[in-house]
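Below: one structure, written as structure tokens.
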Protein chains: 2
Amino acid sequence: MQPKLKDIANALGVSPASVSNALRGTGRVSADLAERVRAEADRLGYRPGPAGRALRTGRSQMLGLILPDLSNPLFPRMAQAIQRHSETAGYGILIADSHGERGAQEEAIARMLQRGVDALVIIPRRGTVLQTPPVPHALIDTPSTPGNTVSADHRGGGATIVRHLAERGHSRLVLIGDSDASPVQRDRIAGMRESLGDGMTATTAWLAEDGIATCFDAIGRGATAIATTSDLVALQILGPLNEAGIEVPEQVALSGFDDLVFASVMRPALTTLVADANAIGCHAIATLTAILEGRPAPPPMRVPMTLIPRASTALRTKPRQETIPC
Amino acid sequence: MQPKLKDIANALGVSPASVSNALRGTGRVSADLAERVRAEADRLGYRPGPAGRALRTGRSQMLGLILPDLSNPLFPRMAQAIQRHSETAGYGILIADSHGERGAQEEAIARMLQRGVDALVIIPRRGTVLQTPPVPHALIDTPSTPGNTVSADHRGGGATIVRHLAERGHSRLVLIGDSDASPVQRDRIAGMRESLGDGMTATTAWLAEDGIATCFDAIGRGATAIATTSDLVALQILGPLNEAGIEVPEQVALSGFDDLVFASVMRPALTTLVADANAIGCHAIATLTAILEGRPAPPPMRVPMTLIPRASTALRTKPRQETIPC
DNA sequence: CAGGTATGATTAAACGATTTACCCCGGCGG
DNA sequence: CCGCCGGGGTAAATCGTTTAATCATACCTG
């Protein structure tokens, strides 16, 4: 049986109140007693029971994390970062995956609240508006959604890759995403379009809408680079390119997004952009702890996406080895 | 403010005890009162507060999930399945990623216990022995580790892929994994070796130990198929094969494991094996709930791995399109 | 020396749900 | 008529921790 507050109190012949005060530094306790209490506490390996504490304080020291789909390779990294930071901030993470039926997201939030989480970290399903929950919450979406707390700078990432391609001498581009239903992908494409330089042109395509055909068409008419909104999209296009005898990067450059696990390993290795998930998780948790502790919340943050140049956009040099930054 | 038990009691002019009894079906309550209580309860949208209940019953209705590394694409699927099933069983999931320093796994377990989880689902770090925690726990590892509760039948999967290759006429194989420090990979390779038919030979290699060279060497001496322990390993080998002008599957067949996100999309599409994560999660949760409710625990379970044949092991027919089973 | 004040520690009341032990009342058998 | 029993319900204790209110003591000041 775990030791309780009363055990310490009995062992030292003082009241439980004093022990509580000593351990948490509240109330008035002599320095001497405080020391003895601490000593006894970690002699017994005492840790306050969460139930009693939660009951009294109304705080469960737990955060709820709502994800659209854990099996989407983009999210585990964020989940990991969020978990790590909340751990060091003294909070546990309850997770819920809103994958599945419509309304699952609201349901998941309701369940979390019912379990008494102190706050929520929400990565919303694409384009859903959610009624604001009655606890502090951090929204991780795109900077373009209102109420956003922190997110990758997708638009800036789009700009970066276009600049990178321009430097490589490409002026006729194909921009291709999976589906324009996704705000993230729209932002990325928007960022690309915005920073097309003088004399550059680009056609936009969506994989869900016959994008491959559009893409080949554009290449036929002189496009020399394909900027996709996701490594997975890039991989999906690479196959047909190879089969058509179009070489990457010699004849057409190709880029992705997110540095998924295969990007560094496929051939050619894929140039991509990635946001520091750690920074995102850190800011989300920092925002929530600030609110929970009554401090003013920091302003929303836009985490830059950094370019990882690899062989797929190389100037006809040999493919080179790259390491993945953690 | 959330309605409390007492609110219902007051509204109906009865005692809190009766309300509690009515809602949970314990004690003696007239059918009539029980009905009225239920009606009032969901009129107010009452849900018992977790803190009070946990304090009194000693149960938090939460399970801890310990994963070695969320960013390893193998685990999110399991996490998702576990989360889903524990949800329907009425439990929440606290997650912890033991990624990082040595001992992080034990620490993570300690933190979970401290937070009062009722039981643990543990996917141990490769080859670590852990001291058995003081709460019920389900171990998801390989069938070969003692105390295992449920896991994919890695050995059987190895056998399946070898049989598949044999049917395709391959008799000289290369078996290659990432590192032999991983029990999972060792089991897969063991399963492959065990079911080599008459007249079949195989050389084993590890990527971490100059495996690519060994692999090419074997091909030079007549091997016609490469069975890897992971889709990622397969992808890593595919590059060099292409560069060496060796065609897959025309000259050499290639297979993976786990049906990672890129397997169906890469060219050639990768033949692979996958276990039903859903079944694994289901059995893990079923075991724990059985123990928690005092029922006898079901016997350990070995979830079969099913073959997903794709182009990379096709007989020189054209590559065909495959759909991914969910 | 009386009265005010700071200090250190204690008492007791929460927090919300569950559960044990008990009470009341009507009916029934002896 | 008395005692027993069972159905229906309630009072109160309990879980472990926090905290407001209180108390005792010694010290300081005028």
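Both backbone and side-chain heavy atoms feed into the values below; hydrogens, waters and symmetry mates do not. Lettering of chains follows the sequences in order, A, B, ..., and the numbering in each one begins at 1. Since the model is a prediction, treat every value here as computed from it, not as a measurement.
Checked against D/dA12, D/dT19, D/dT22, the side chain of A/Arg24 finds its nearest nucleotide in D/dT19. Listed candidates were D/dG16, C/dC22, C/dA17. Nearest to the side chain of B/Tyr46 is C/dA17. Side chain of B/Lys4, nearest nucleotide from D/dT19, D/dG8, C/dG16: C/dG16. Of the candidates C/dC22, D/dA11, C/dA9, the closest approach to any side-chain atom of B/Arg28 belongs to C/dC22.
Summarising the geometry, the separation between CG on A/Leu12 and C1' on C/dA9 is reported as 13 Å, rounded to the nearest angstrom. Straight-line distance from the CG atom of A/Leu5 to the C1' atom of C/dA12: 15 Å, rounded to whole Å. Going from atom CE of A/Met1 over to atom C1' of D/dT14 covers 13 Å, rounded to whole Å. Remark: P of D/dG16 and CG of A/Asn21 are 20 Å apart, rounded to the nearest angstrom. When rounded to the nearest whole Å, the span between CD of A/Gln2 and C1' of D/dG16 equals 12 Å. Rounding to whole angstrom units, CG of residue B/Leu23 and P of C/dT18 are separated by 8 Å. If you take CG of B/Asn10 and P of C/dA17, they are 12 Å apart, rounded to a whole angstrom. One can place CZ of A/Arg47 at 11 Å from P of D/dT17, the figure rounded to the nearest angstrom.
In this structure, a donor-acceptor pair under 3.5 Å is present between the side chains of A/Arg84 and A/Asn278.
Using a 4.0 Å heavy-atom criterion, one finds that B/Ala17 contacts the bases of the nucleic acid, with or without backbone contacts as well. If you check every strand for non-hydrogen atoms under 4.0 Å, B/Ser20 touches a base.
Not a single donor-acceptor contact under 3.5 angstrom links the side-chain atoms of A/Arg53 to the base of D/dG16.
In this structure, B/Ser30 reaches the D/dG9 phosphate: one of its side-chain N or O atoms is under 4.0 Å from OP1 or OP2.
Closest-nucleotide positions on DNA chain C for B/Gly52 and B/Ser18 were compared, and the one nearer the 5' end corresponds to B/Gly52. Positionally, the nearest nucleotide of DNA chain D for B/Arg36 lies more toward the 5' end than for the other of B/Arg56 and B/Arg36.
A pairwise comparison of heavy atoms in B/Val14 and B/Leu33 identifies CG1-CD1, 4.0 Å as the closest pair.
The backbone N or O of B/Gly116 lies less than 3.5 Å from a partner atom in the side chain of B/Ser60, making a donor-acceptor pair. Side-chain atoms of A/Ser20 never come within 3.5 Å of backbone atoms of A/Pro16 as a donor-acceptor pair (strictly under, hydrogens ignored). The backbone N or O of B/Pro300 lies less than 3.5 Å from no partner atom in the side chain of B/Thr149, so there is not a single donor-acceptor pair.
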